[in-house]
Amino acid sequence: MIMSRDENIVRNGNIRTGNLSFEEVEKFKYLGATVTNINDTREEIKHRINMGNAYYYSIEKLLSSSLLSKNVKVRIYKTVILPVVLYGCETWTFTLREKHRLRVFENKYSALDTSPLSIYVMHPFWNRVVEWCPKWVAPNLLTFAGFLFTVLNFLMFSYYDYDFYASSDEHPEVPAIPRWVWAVAALNIFLAYTLDGIDGKQARRTQTSGPLGELFDHGLDSWTAFLIPTCMYSVFGRGVHSISPLRMYFCLWNIFVNFYLSHWEKYNTGVLFLPWGYDASMVAAILIFVVTSIFGHRAWAFNLPGGMSAGHMFELTFYICAIVSNLPMCLWNVYKSYRDGTGKMRPFSEAMRPLIPVIIFLVVCTVWVMYSPVDVVDLDPRCVYLVTGTIFSNICCRLIVSQMSSTRCELFNWMIIPAGLVVAVSLILPSSTGAYAELSMLYALALFATVAHIHYGSCVVRQMCRHFRISCFRIRQHGE
């Protein structure tokens, strides 16, 4: 083989020595490593990463077992998977692209799921389901399809119960939601949950794991964080057996904060510790919709001992799960990473930096719903939830991009500026203008935030596809 970095060099053909003829080739295997005639290591690195994916998928059940400690799993990773990926790395010549691909490979396995429901019930079920999925189906297509099922639920409930009065006996003029809608909602949540559970497994089956899949998965999950609870609010409505739109607003922020803290935790520790509450909440949502489709919304019109309604019970459950399980574990994992030196070891100011934009946005939104002259959260709670959930998703997506690329997190999100302007104008408007002006600004902000967030997401996805030379919704063949 004639080696040269000049791809246009004139080839002389085979080499003959006496009676022996040595064929000239563009590449060949030597001691298990691929050697090319232009000394290009990109193909070898890609091959090694694919081998690492295959090894990981073969021992996935072992790495997800709750019987093994984190230290044992890390040791397995370092002794079984890492040597396969880094075999022959002493001879590699790196570019920034190759360094980034290897960094992505190491980061994409830094997720830890210890939920008993997930380990013993859902993962075995998903392992069977993913085997029925053709290997030509792109993992991102599964993720996006699951997200569309939650969007369909939101649109369906917006049509049948826009103001959350359909399940309230105090408003008989509003027709009740048909029972088939609850059944369809349960099916959609089940499909969305299943597709969200098998997309990563499909990526490892097809050896297409990468940062785009992580951004797609967690980015769409951050938007779903408001879609599913908003749909569940229709089960209880705005009656005596439920909670007010303002209290539902704070329930949404409880979910937002816990979701955001999980990614803030990974930003500082390098490991995404999946909260137990996610699997439990998805299963609970499915069961609640199924029960409502069978017995109707009046099945939840009861009071517990002490006068606590069903709506209040679920509200209290949200807060208890956050205070007891997610928040303490999140803080403990961050503290432990600093104590043991296993995390990013950022200074305190840098570690707390991602919390600043979400705190600013929380303050801006809360001032609006608390001091709105026309009580905007009571006039149109659904649109308030849409604006809040969309801008929060944008803030969360930017944090996810920062943690994936190991870059500094943004200190301020520009989408807070138009939200702050709308809040400021709403508070200074004279009361004589009525609710029309404030609602008009709310609808304009909802449209602007949705379009801006979709534009941001599509731009990031296109840039990542160009950078990694991949397609978003299609698995490219090796020849491409």
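On a predicted model such as this, the values are computed, not experimentally measured, just so you know.
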Side chains of Asn140 and Asp199: donor-acceptor distance under 3.5 Å anywhere?
no

Which is it for Ser234 and Trp182 under the side chain to side chain contact (heavy atoms under 4.5 Å, CB included) test, yes or no, and what are the steps along the way?
CA-CA 10 Å; Ser234 292; Trp182 302 111; 4.1 Å; yes

Atom pair CG (Leu195) and CG (Leu142), whose distance is rounded to the nearest 0.5 Å
6.0 Å

Please table the atom pairs, donor to acceptor, closer than 3.5 Å between any side-chain atom in residues 248-257 and protein atoms at least two apart or in another chain.
| from | atom 1 | to | atom 2 | distance (Å) |
| --- | --- | --- | --- | --- |
| Tyr249 | OH | Trp253 | NE1 | 3.0 |
| Tyr249 | OH | Thr366 | N | 3.1 |
| Tyr249 | OH | Thr366 | OG1 | 3.1 |
| Asn254 | OD1 | Asn258 | ND2 | 3.3 |
| Asn254 | ND2 | Phe318 | O | 3.3 |

Do Leu379 and Asp375 have side-chain heavy atoms sitting under 4.5 Å apart?
no

Quick one: do Lys201 and Glu131 satisfy salt bridge (Lys or Arg N to Asp or Glu O under 4.0 Å)? Show the steps, please.
CA-CA 9 Å; Lys201 299 179 184 297; Glu131 296 298 332; over 6 Å; no

Any heavy-atom pair between the side chains of Phe149 and Leu187 that's under 4.5 Å?
no

Pairwise distance CG(Asp279) to CE(Met122) - rounded to 0.5 angstrom:
7.0 Å

Given side chain to side chain contact (heavy atoms under 4.5 Å, CB included), test Val181 with Val184 step by step and report yes or no.
CA-CA 5 Å; Val181 173; Val184 172; 5.8 Å; no

So with a 6.0 Å cut-off around CH2 of Trp414, is the heavy-atom count from everything else above 12?
yes

Non-hydrogen atoms of Ala192 and Gly146 that approach each other most closely
CB-O, 3.2 Å

Give me the ring orientation class for Tyr278 and Tyr193: parallel if the planes are under 30° apart, tilted from 30 to 60°, perpendicular past 60°.
perpendicular

Would you call the rings of Phe392 and Phe259 parallel, tilted or perpendicular, taking 30° and 60° as the class edges?
perpendicular

Is the backbone of Gly389 close enough, under 3.5 Å, to the side chain of Ser393 for a donor and an acceptor to pair up by distance?
no

For a 4.5 angstrom cut-off between non-hydrogen side-chain atoms, does Leu246 reach Met370?
yes

Working to the nearest 0.5 Å, report the span between SG of Cys383 and CG of Leu445.
8.0 Å

Is a side-chain N or O of Tyr338 found less than 3.5 angstrom from the main chain of Lys344, in a donor-acceptor match?
no

With distance as the sole test, does Ser372 use its side chain to make a donor-acceptor pair with the main-chain N or O of Val369 at under 3.5 Å?
no

Please state whether the rings of Phe314 and Phe236 are parallel, tilted or perpendicular, taking 30° and 60° as the class boundaries.
tilted

Heavy-atom closest contact (Asp378 atom, Pro245 atom, distance)
OD1-CG, 3.9 Å

Decide yes or no for Phe154 and Ser158: does some side-chain heavy atom of the first lie under 4.5 Å from some side-chain heavy atom of the second?
yes

If the plane angle is over 60° it's perpendicular, under 30° parallel, otherwise tilted; pick one for Phe289 and Phe157.
parallel

Excluding sequence neighbours, so at least two apart, what forms salt bridge (Lys or Arg N to Asp or Glu O under 4.0 Å) with Arg382?
none

Spacing of OH belonging to Tyr385 relative to SG belonging to Cys231, to within rounding of 0.5 Å
12.5 Å

I'd like to know if the side chain of Thr150 reaches the main chain of Phe147, judged simply by a donor and an acceptor atom lying under 3.5 Å from each other, with no hydrogens or angles considered.
yes

Residue pair Tyr233, Asp161: steps toward the side chain to side chain donor-acceptor pair (under 3.5 Å) verdict
CA-CA 10 Å; Tyr233 190 36; Asp161 186 26; over 6 Å; no

Heavy-atom donor-acceptor pair, Arg205 side chain to Pro134 backbone, under 3.5 Å:
no

Indicate yes or no for a side-chain donor-acceptor contact from Tyr443 to the backbone of Glu438 under 3.5 Å, with no hydrogens or angles considered.
no

Would Gln403 and Glu265 count as a side chain to side chain contact (heavy atoms under 4.5 Å, CB included) here? Give the steps.
CA-CA 10 Å; Gln403 73 185 24; Glu265 180 183 18; over 6 Å; no

Check: His453 side chain, Ile391 main-chain N or O, donor-acceptor pair, under 3.5 Å:
no

Nearest heavy-atom contact between Ala285 and Met232 is CB-SD, 3.7 Å

Criterion side chain to side chain contact (heavy atoms under 4.5 Å, CB included) on Val384 and Asp380, from CA distance to verdict:
CA-CA 7 Å; Val384 171; Asp380 196 335; 5.5 Å; no

Could you tell me whether a side-chain N or O of Thr208 sits under 3.5 Å from a main-chain N or O of Arg204, the two making a donor and an acceptor?
no

Would you give the length of the straight line joining atom CD1 of Ile189 to atom CG of Leu287, rounded to the nearest 0.5 angstrom?
12.0 Å

Ser337 side chain to Val334 main-chain N or O, any donor-acceptor pair under 3.5 Å?
yes

Shortest non-hydrogen contact from Ala452 toward Met415
CB-CE, 4.1 Å

Would you mind reporting whether Leu386 and Phe226 have side-chain heavy atoms less than 4.5 Å apart?
yes

Minimum-distance pair of heavy atoms, taken over all atoms of His455 and Ser458
O-OG, 2.9 Å

Could you tell me whether Arg339 atom CZ has more than 12 heavy atoms of other residues or ligands within 6.0 Å of it?
yes

Taking all non-hydrogen atoms of both residues into account, name the closest pair between Pro357 and Tyr260 and its distance.
CG-OH, 4.2 Å

A side-chain contact here means heavy atoms from C-beta on lying under 4.5 Å apart; do Val422 and Trp368 qualify?
yes

First locate atom CZ of Arg353, then atom CZ of Phe412, and finally report the distance between them rounded to the nearest 0.5 Å.
12.5 Å

Measure the shortest side-chain to side-chain distance between Arg398 and Tyr456 over non-hydrogen atoms and say whether it is less than 4.5 angstrom.
yes

Salt bridge (Lys or Arg N to Asp or Glu O under 4.0 Å) partners of Arg247, counting only residues at least two apart
Glu315

Treating Asn268 as the side-chain partner and Trp264 as the backbone partner, does any N or O pair qualify as donor plus acceptor under 3.5 Å?
yes

Does the side chain of Met441 come within less than 4.5 Å of Ser426's, by heavy atoms?
yes

